[in-house]
Amino acid sequence: MTTSTEQAGSGLDDGPLTIGGRDFESRLIVGTGKYPDNETMVGAIRASGAEMVTVAVRRVDLDRSSEEGILHHLDPDEFFLLANTAGCYTAEDAVRYARLARAAGFNEWIKLEVIGDEKTLLPDVQATLEAARILVEEDFKVMAYTNDDLVSALRLEDAGCVSVMPLASPIGSGLGLVNPYYIREIKDRLEVPVIVDAGVGTASDACATMEQGVDGVLMNTAIAAADDPVSMARAMRLSVQAGRLAYLAGRMPRREIAVPSSPVRGMLD
Amino acid sequence: MTETTTNPARGTDHISLTVNGEERTVERGTTVAGLLEELELEPRTVVVERNREIIPRDDYGEVTLQDDDTLELVHFVGGG
């Protein structure tokens, strides 16, 4: 497999994304929810180049009126499964879901998410921290979804999370990166990888997010709810690479005045 | 939960369970593996929680269900 910068056609060195001792070539992590059908989901995930994909834990439908489990469609040998605790509103519930996810037998990783408000789906950071401490104690590798607050991010890192995942904007909103300054600040201060999770709406959002220097982006709805999810997945793959490359390349300084690009000397009389 | 004496499963060779929130009656002596078979579920894709405790997959054949057990059968679905 080629590295992301090679795919983008650059000689700039960029190592893999290393989380919890495991290397990933792709800096894009994708969800598996809300696709119009399973074939589109698998096509989009392949087009995204993502190696890590998120899944949710839910009751089996005993009446079989809804679709079967996702593993009938998604090969767990092809993708690294990251189970989430989506839908949990308490630390206790999140811990319960995480344990069930681990018992599925794939890995001990969990995308920890404890929601604090139904309308905005903003995280309950205190409950997230409480659950993170319990799960780290139980040897889970915790990737914690949180808001864009530096102090919360620092606490989650201190708790032993292998990655901290601040939001770009609320889950499923597609509003893009609303606070680049806070995201840069978090990236600057944390040692564990910072993955921006939630809020990306289109390719330019993913690119702008990666340009802040973060280690990766996690998204679901931006791809799944696009008119053409497979094409959007490819756009996201390219934009994550472009944003990463632009960050590594180092952007020009911003100036409040114009500076001509062409020589001012040699003009005709 | 208040116990009543009207439970039709009592005193018979059947027991009653709550599976994923629904009442269900099975033969006394049914194991977790037996229940999954009855429900036509593949044991390798389902995680079983019984009275809030996860049953290791290797034990599905050994664990016998008891009257009034509450079971949650879960699996992975699409999510973000």
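We name chains A, B, ... by the order of the sequence lines, and we start the count at 1 in each one.
Looking at B:Val74, the atoms closer than 4.5 Å to chain A (heavy atoms on both sides) sit in the backbone and in the side chain alike. Both the backbone and the side chain of A:Ala101 come within contact range of chain B, each with at least one heavy atom under 4.5 Å from a heavy atom of that chain. Contacts of A:Lys34 with chain B are absent, with no heavy-atom separation under 4.5 Å from either backbone or side chain. For B:Glu40, the parts lying near chain A are the backbone and the side chain together; criterion is any non-hydrogen pair under 4.5 Å. Proximity to chain A involves both the backbone and the side chain of B:Leu73, based on heavy atoms less than 4.5 angstrom apart. Looking at A:Leu81, the atoms closer than 4.5 Å to chain B (heavy atoms on both sides) all sit in the side chain, from C-beta outward. Interface remark: A:Phe106 contributes side-chain atoms only to the contact with chain B (heavy atom separation under 4.5 Å).
Residue A:Thr32 comes nearest to B:Val77 through the heavy atom pair OG1-O, 4.1 Å, listed as atom of the first residue, atom of the second, then distance. When all heavy atoms of A:Ala56 and B:Gly78 are compared, the pair lying nearest together is CB-O, 4.0 Å.
Atom CZ of A:Phe140 sits in a crowded spot, with more than 12 heavy atoms from other residues, nucleotides or ligands closer than 6.0 Å. At most 12 non-hydrogen atoms from other residues, nucleotides or ligands lie less than 6.0 angstrom from CZ of A:Arg234. More than 12 heavy atoms of other shown residues, nucleotides or ligands fall within 6.0 angstrom of atom CD in B:Glu62. Around the CD atom of A:Glu138, the shell of radius 6.0 Å holds more than 12 heavy atoms that belong to other residues, nucleotides or ligands. Other residues, nucleotides and ligands contribute over 12 non-hydrogen atoms within 6.0 Å of the CD atom of B:Glu42. More than 12 heavy-atom neighbours from other residues, nucleotides or ligands sit within 6.0 angstrom of CD on A:Glu78.
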How far apart are the C-alpha atoms of B:Arg24 and A:Leu62, what are their side-chain angles, what is the distance that settles it, and do they pass the side chain to side chain contact (heavy atoms under 4.5 Å, CB included) test?
-> CA-CA 11 Å; B:Arg24 202 167 265 275; A:Leu62 300 178; 4.1 Å; yes

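Residue with the most contacts toward chain B among A:Val55, A:Val60, A:Val30: A:Val60 (heavy-atom pairs, distance under 4.5 Å). Here B:Leu41 is the residue among B:Thr45, B:Val48, B:Leu41 with the most heavy-atom pairs under 4.5 Å with chain A. Of the listed residues (A:Arg96, A:His72, A:Arg59), the greatest number of heavy-atom pairs within a distance under 4.5 Å of chain B belongs to A:Arg59. Put simply, of B:Arg57, B:Glu22, B:Arg52, the one with the most heavy-atom pairs under 4.5 Å next to chain A is B:Arg52. With chain B as the partner, the residue from A:Val57, A:Val53, A:Leu74 showing the most heavy-atom pairs under 4.5 Å is A:Val57.
Without hydrogens or angle criteria, B:Asn20 side chain to A:Asp61 main chain gives no donor-acceptor distance under 3.5 Å.
Atom CD of B:Glu72 is separated from atom CG of A:Leu100 by 8.5 Å, given to the nearest 0.5 angstrom. In this structure, A:Leu71 CG and B:His75 NE2 are separated by 9.0 Å, a value rounded to the nearest 0.5 Å.
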